[in-house]
Amino acid sequence: MNHWLLKTEPDTFNVADFAGLPARTTSWDGVRNYQARNYLRDSMKVGDSAFIYHSSCAVPGIAGITRIKHAGYPDDTAFNKRHPHYDPDSDPANPRWYMVDVQLQRALKRVITLEELRTHASDKLSGMLLLRAGNRLSVTPVEERHWRFILSLE
DNA sequence: GCCAACGTTGGC
DNA sequence: GCCAACGTTGGC
């Protein structure tokens with residue numbers, strides 16, 4: 001099983017919002033970056049786990065753990081003209097964008113902040129993509145050793 | 001709100 | 001295929 005990190009802006013969707021969803025499960029739609037798309041489409045498998053990371057907010061950090069419940073399938077919000085994620089160039093016969101379904105396992109006992117993660121950037125978390133300067137990818141793989149270490153901080 | 005870093009677009 | 005212009009991300 002692989003591990004991942006999914007970014008979300010908590011004003012739009014956050015870990016607490018899972019509580020109001022059937023089976024605490026949602027489709028992770030709206031990813032509009034090719035590298036992130038490739039991870040969703042080609043690499044994420046049912047049973048993989050993913051951190052939910054809150055970005056563009058007062059205290060950015062990892063807030064919850066989800067499990068992949070459905071592997072990559074076409075993101076149909078790209079086909080809906082009235083949807084904010086509409087992309088006229090995504091053809092239903094040859095979809096450009098993909099999404100997965102994720103189910104919340106649990107919120108973390110506390111948010112493990114970006115600030116705290118950075119203090120480990122040169123040792124235990126060396127090489128972690130999230131901490132790389134200028135990183136903007138909203139879907140990134142997380143190495144097993146990084147995953148375990150982050151959970152040990154909780 | 002600023003701005004650096006990055007991805008995408010489009011003219012050539 | 002190059003690369004400048006532009007739009008977006010996301011920490012601060």
Side-chain angles (χ1 to χ4, degrees), chain A residues 2-21 26-44 48-66 68 71-102 104-143 145-147 149-154:
Chain A
N2 290 315
H3 304 295
W4 304 91
L5 182 143
L6 300 171
K7 290 185 190 175
T8 181
E9 298 189 14
D11 287 351
T12 305
F13 184 82
N14 62 59
V15 161
D17 292 330
F18 277 99
L21 300 171
T26 187
S27 55
W28 205 258
D29 60 49
V31 173
R32 296 293 181 266
N33 167 282
Y34 288 104
Q35 195 175 346
R37 186 278 311 269
N38 292 347
Y39 286 134
L40 295 174
R41 187 188 60 185
D42 306 331
S43 304
M44 278 193 184
D48 286 359
S49 43
F51 285 135
I52 299 299
Y53 176 87
H54 289 169
S55 68
S56 290
C57 55
V59 185
I62 295 170
I65 304 175
T66 58
I68 309 305
Y73 61 106
D75 180 347
D76 56 10
T77 65
F79 308 138
N80 182 352
K81 278 195 176 61
R82 285 175 301 283
H83 197 283
H85 298 146
Y86 176 61
D87 178 0
D89 294 330
S90 184
D91 175 4
N94 183 22
R96 174 177 291 190
W97 306 116
Y98 281 70
M99 58 190 178
V100 298
D101 289 350
V102 297
L104 184 72
Q105 300 300 291
R106 62 183 182 85
L108 295 190
K109 294 171 199 145
R110 65 185 185 87
V111 173
I112 301 178
T113 66
L114 177 62
E115 182 183 26
E116 180 175 358
L117 294 172
R118 282 201 194 287
T119 67
H120 303 284
S122 57
D123 47 279
K124 297 287 193 179
L125 295 179
S126 67
M128 188 175 181
L129 290 173
L130 177 73
L131 304 180
R132 219 193 55 196
N135 168 65
R136 290 177 9 186
L137 259 192
S138 63
V139 180
T140 52
V142 175
E143 291 177 37
R145 64 195 175 99
H146 293 157
W147 181 274
F149 177 71
I150 289 166
L151 286 179
S152 79
L153 296 173
E154 185 183 11

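Here is the naming used below: chain letters follow the sequence lines, and residue numbers restart at 1 for every chain. The figures here come from the full heavy-atom set of this structure, side chains too, leaving out hydrogens, waters and symmetry mates.
Exactly one residue among Asn33(A), Asp87(A), Asp76(A), Thr77(A) makes a side chain to side chain donor-acceptor pair (under 3.5 Å) with Trp97(A). That residue is Asp87(A).
Comparing atom distances between the Arg136(A) side chain and each of dT8(B), dA5(B), dG11(C) picks out dA5(B) as nearest. The side chain of Leu114(A) lies closest to dC12(C) when the candidates are dA5(B), dT8(B), dC12(C).
The interatomic distance linking Glu9(A) (CD) with dT8(C) (C1') rounds to 10 Å, in whole Å. Atom CH2 of Trp97(A) is separated from atom C1' of dT8(B) by 10 Å (rounded to the nearest Å). To the nearest angstrom, P of dG7(C) lies 18 Å from OH of Tyr34(A). Atom CG in Asp87(A) sits roughly 17 Å away from atom P in dG7(C) (whole-Å rounding). Look at CD on Gln35(A): it is 12 Å from P on dC6(B), rounded to the nearest Å. Separating the CZ atom of Arg132(A) from the P atom of dA4(B) is a distance of 19 Å, rounded to the nearest angstrom. Between the P atom of dT9(C) and the CG atom of Leu137(A) lies a distance of 12 Å, rounded to the nearest Å. Atom CG of Asn33(A) is separated from atom P of dG7(C) by 18 Å (rounded to the nearest Å).
Between the Thr66(A) side chain and the Ala50(A) main chain, a donor and an acceptor come within less than 3.5 Å of each other.
Ionic pairing of Asp75(A) and Arg32(A) is present here: one or more N-O contacts between side-chain nitrogen and carboxylate oxygen are shorter than 4.0 angstrom.
Between Lys7(A) and the phosphate of dG10(C), there is a side-chain N or O to OP1/OP2 separation shorter than 4.0 Å. At dG11(C), one or more side-chain N or O atoms of Tyr53(A) fall inside 4.0 Å of OP1 or OP2 (strictly under the cut-off).
Taking the six-membered ring where the residue is Trp, Trp28(A) and Phe13(A) present perpendicular rings, their angle passing 60° and hence far from 30°.
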